[in-house]
Amino acid sequence: MINTAGDGGIITLQRHIIEEQRKYPTATGEFSWVLSGITLATKIIESQVRCAGLLGILGTTGTVNVQGEKVQKLDQIANETILQCLGYRRNIGIMVSEEDDEPHIIKEPDELANYIVLFDPLDGSSNIDVNVSIGTIFSILQRREDVAAKDVMSHILQPGVKQVAAGYVVYGSSTVMAYTTGHGVHMFTLDPTIGAFVLSRPDIKMPEKGQTYSVNEAYKAQFPKGVQDYLRWAHTEEAGGYTLRYIGSLVADFHRTLLRGGVFLYPPTRKAPGGKLRLLYEANPMAFLAEQAGGAASDGKQRILEKEPKALHERTPLIIGSKAEVDKVLSFWTK
Ligand code: P6P
């Protein structure tokens, strides 16, 4: 059932953004121009993902990115697509990609080039070749007024509470975008017959509880003791019958958690003592969405959105999902 407006028209993402902006006079059309660049890029990426096996674009490029991960051909295609679709939009000053060591400075931030876009172009790369859901994650900041335009890193290294928008696109059985500008979380499904993202779930609220935990239990022996204690508890009758779901693609695991409730966690491990997931363009955008949907996100010690970033590709432990479930994990974590 596609949501239609009172006038019977379908509510596309562009229409939704413009109508949202009417509610908030401070918003300007500038933001919708940025978001339309992201949606254009994700439609192009979706077309490549859908037929990757036919285009000889599966597999790796033979190079390794700043994260030390093998770059998949589709990673590179997605990265270049986003850079191209956003690169000419004058109101974007800086872009930060998971794939690139350094920021892309289109223009030193000023009152015109006001936006900073951070993104993971194709999250879940290891799943690409086996046709498991993958996704694009984005976070949007505005330049800081209190630092010089040339102080690029200060404009980028802002805590998650400063995000003006965040979202993801999951390339799954259907292509779905979820986004927030701080006024709720709204979900759109790509209608391939018209090539538009159409409103499918307005104002999503994450279930307060959920009997699903999502963690790579293969690393259990490496987790902090509190996490091991939580997992032992979750296996008991007293816990009420949890089930484990783990896809290994943050976007897909978070999408399920947002809709069904439960908790996703990526704790510190020996290989990733500071956690594996990146703060600026994975944890922060997902935490913004989670909190806007009534959920919570922590690094085990503090709210993800209040972390002061110190480096571009900084990693963080992540516990995210239904508030009651995140609190339950934290009750063991801090013991
Ligand atoms: P592991 C994908 O590579 C990713 O960055 C996230 O999408 C996902 O949640 C995580 O890594 C999976 O990591 O160590 O369980 O394979």
Side-chain angles (χ1 to χ4, degrees), residues 42 45 49 52 58-61 63-79 82 96-100 118-139 166-172 176 178 212-224 227-228 231 244-258 260 262-287 289-290 295 297-300 304 312-321 326 329:
T42 60
I45 294 168
V49 166
L58 292 176
T60 65
T61 60
T63 59
V64 171
N65 67 14
V66 65
Q67 320 292 342
E69 294 164 346
K70 287 179 187 161
V71 177
Q72 306 287 333
K73 290 176 188 168
L74 264 175
D75 272 330
Q76 201 161 52
I77 291 169
N79 194 37
I82 296 176
V96 172
S97 169
E98 187 231 19
E99 289 301 324
D100 298 323
L118 308 96
F119 55 91
D120 181 352
L122 205 56
D123 167 70
S125 312
S126 53
N127 287 309
I128 292 176
D129 290 3
V130 292
N131 205 29
V132 168
S133 296
I134 50 182
T136 298
I137 311 172
F138 63 90
S139 168
Y168 63 82
V169 174
V170 55
Y171 310 104
V176 173
T212 300
Y213 69 84
S214 183
V215 67
N216 188 338
E217 271 197 296
Y219 305 146
K220 183 174 174 179
Q222 304 177 33
F223 291 156
V227 178
Q228 296 186 27
L231 292 173
L244 166 64
R245 288 285 181 277
Y246 190 73
I247 301 167
S249 224
L250 173 62
V251 176
D253 281 317
F254 179 75
H255 185 68
R256 180 199 57 248
T257 306
L258 177 63
R260 294 262 179 85
V263 62
F264 170 90
L265 48 157
Y266 205 107
T269 62
R270 265 197 301 277
K271 187 179 166 191
K276 175 180 182 183
L277 301 174
R278 278 59 58 142
L279 175 60
L280 286 179
Y281 41 79
E282 288 179 331
N284 270 344
M286 294 316 203
L289 289 161
S298 168
D299 68 353
I304 287 285
L312 206 55
H313 299 290
E314 175 176 330
R315 297 174 188 264
T316 177
L318 178 63
I319 310 153
I320 190 168
V326 169
V329 175

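Both ligands and their constituent atoms are indexed starting at 1 by order of listing.
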*Asks:* Answer with side chain, backbone, both or neither: which part of Leu250 has a heavy atom less than 4.0 angstrom from an atom of ligand 1?
*Replies:*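 Answer for Leu250: both.
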
*Asks:* Among protein heavy atoms, which lies nearest atom 15 (O) of ligand 1, and at what distance?
*Replies:*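 The answer is Tyr246 OH, 2.5 Å.
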
*Asks:* Does ligand 1 have an atom under 4.0 Å from some heavy atom of Asp253?
*Replies:*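 Per 4.0 Å heavy-atom rule, Asp253 does not contact ligand 1.
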
*Asks:* Is there a donor-acceptor contact under 3.5 Å from the side chain of Asp75 to the main chain of Glu99?
*Replies:*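 No; judged by distance alone, with no hydrogens or angles, the pair does not exist.
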
*Asks:* With the side chain counted from C-beta on, respond yes when Ile137 and Phe254 share a heavy-atom pair under 4.5 Å apart, and no when they do not.
*Replies:*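 Not touching, per the 4.5 Å side-chain cut-off.
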
*Asks:* If you round to the nearest 0.5 Å, how far is OG of Ser298 from CG of Leu318?
*Replies:*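 It comes to 8.5 Å.
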
*Asks:* Aromatic rings Tyr266 and Phe264: how do their planes relate, parallel, tilted or perpendicular, breaks at 30° and 60°?
*Replies:*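 Correct class here is tilted.
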
*Asks:* Nearest protein heavy atom to atom 16 (O) of ligand 1, by residue and atom, and its distance?
*Replies:*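 Heavy-atom neighbour on the protein nearest atom 16 (O) of ligand 1: Lys276 NZ, 3.9 Å.
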
*Asks:* Is any side-chain N of the basic residue among Arg278 and Glu314 closer than 4.0 Å to the acidic one's carboxylate O?
*Replies:*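 Glu314 and Arg278: not salt-bridged.
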
*Asks:* Counting from 1, what ligand 1 atoms have a heavy atom of Asn216 closer than 4.0 Å?
*Replies:*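 This gives 1 (P), 15 (O) as the contact atoms.
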
*Asks:* Under 4.0 Å from any heavy atom of Tyr219, which atoms of ligand 1 are there?
*Replies:*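 Numbered from 1, ligand 1 contributes 1 (P), 14 (O).
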
*Asks:* Measuring from Thr257:OG1 to Leu265:CG, what's the distance to the nearest 0.5 Å?
*Replies:*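 CG of Leu265 is found 10.0 Å from OG1 of Thr257.
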
*Asks:* Check the pair Asp123, Ile134 against side-chain contact (heavy atoms from CB on, under 4.5 Å), reporting the backbone distance first and the verdict last.
*Replies:* CA-CA 6 Å; Asp123 167 70; Ile134 50 182; over 6 Å; no

*Asks:* For the 3.5 Å polar cut-off, considering only N or O atoms, please tell me whether Ser249 and ligand 1 meet it.
*Replies:*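 No, no N or O pair falls under 3.5 Å.
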
*Asks:* For atom 14 (O) of ligand 1, what's the nearest protein heavy-atom neighbour? Residue, atom name and distance, please.
*Replies:*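 Its nearest protein heavy-atom neighbour is Tyr266 OH, 2.7 Å.
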
*Asks:* How close does the nearest protein non-hydrogen atom get to atom 5 (O) of ligand 1, and which residue and atom is it?
*Replies:*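 Result: Arg278 NH2, 3.5 Å.
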
